[in-house]
Amino acid sequence: MGLELGKVKIKRFADGEIYVQLQESVRGCDVFLVQPTCPPANENLMELLIMIDACRRASAKNITAVIPYFGYARADRKAFFISLGIITFAVYSW
């Protein structure tokens with residue numbers, strides 16, 4: 001794509017909560033977040049969700065999550081939905 005990576009500050013509080021701060025403006029931009037859910041899957045998924053929320057609050061035009069490895073896709077069901085308030089994921093297993 002010929003683009004540089006954006007600057008994001010991610011840190012963890014003492015109680016384990018994740019803090020994400022965008023270091024540059026994404027207002028009106030197309031944002032692509034690349035985040036696998038390899039171990040520790042729960043922490044990586046929460047980082048992704050918090051980054052999506054931070055981009056949405058910063059008025060990004062479009063937000064696309066690229067998940068090269070989705071650890072929860074090995075479910076026995078054909079499809080299931082993960083709903084986290086305003087964000088809903090559809091997961092399909094082949």
Side-chain angles (χ1 to χ4, degrees):
M1 294 174 84
L3 301 174
E4 293 183 22
L5 295 177
K7 296 179 182 174
V8 177
K9 179 180 180 180
I10 300 174
K11 70 178 193 177
R12 302 217 185 309
F13 292 112
D15 64 353
E17 290 185 17
I18 301 168
Y19 171 78
V20 173
Q21 182 181 27
L22 303 175
Q23 299 288 306
E24 56 190 60
S25 176
V26 295
R27 182 181 300 273
C29 296
D30 293 329
V31 177
F32 294 88
L33 299 171
V34 181
Q35 177 81 345
T37 58
C38 56
N42 295 337
E43 291 180 19
N44 289 335
L45 185 58
M46 280 307 298
E47 275 185 12
L48 176 63
L49 294 173
I50 293 171
M51 283 190 285
I52 290 170
D53 183 62
C55 290
R56 185 183 60 82
R57 291 173 189 262
S59 301
K61 181 179 176 184
N62 294 309
I63 304 168
T64 303
V66 179
I67 306 173
Y69 172 77
F70 190 61
Y72 289 101
R74 292 174 288 184
D76 293 336
R77 299 182 194 137
K78 289 266 186 193
F80 62 93
F81 293 90
I82 302 169
S83 182
L84 300 167
I86 61 164
I87 302 170
T88 301
F89 289 95
V91 180
Y92 298 94
S93 296
W94 290 235

- request: Could you name each residue pair satisfying salt bridge (charged side-chain N to carboxylate O under 4.0 Å, His left out) that touches residues 60-70, not counting sequence neighbours?
  value: none
query: Where do I52 and A65 come nearest, in terms of heavy atoms and distance?
result: CD1-CB, 4.3 Å
- prompt: Under 4.5 Å between any side-chain heavy atoms of V31 and N62, yes or no?
  reply: no
- prompt: Where do N44 and T37 come nearest, in terms of heavy atoms and distance?
  reply: CB-CA, 4.2 Å
- request: Report the C-alpha separation of I63 and R56 in whole Å, then their side-chain angles, then the decisive distance to 0.1 Å, and conclude whether the side chain to side chain contact (heavy atoms under 4.5 Å, CB included) test is met.
  value: CA-CA 8 Å; I63 304 168; R56 185 183 60 82; 4.1 Å; yes
task: Could you pull out all residues at least two apart from R27 that satisfy salt bridge (charged side-chain N to carboxylate O under 4.0 Å, His left out)?
output: none
field: Minimum-distance pair of heavy atoms, taken over all atoms of A54 and L22
entry: O-CD1, 3.8 Å
- request: Applying side-chain contact (heavy atoms from CB on, under 4.5 Å) between L33 and each of T64, L48, V66, L49, report the one that passes.
  value: L48
Under 3.5 Å, which donor-acceptor pairs link side chains of residues 9-18 to any protein atom two or more places apart or in another chain?
{"unit_1": "R12", "atom_1": "NH1", "unit_2": "E47", "atom_2": "OE2", "d": "3.4"}
{"unit_1": "R12", "atom_1": "NH2", "unit_2": "E43", "atom_2": "OE1", "d": "3.3"}
{"unit_1": "R12", "atom_1": "NH2", "unit_2": "E47", "atom_2": "OE2", "d": "2.9"}
{"unit_1": "D15", "atom_1": "OD1", "unit_2": "E17", "atom_2": "N", "d": "3.2"}

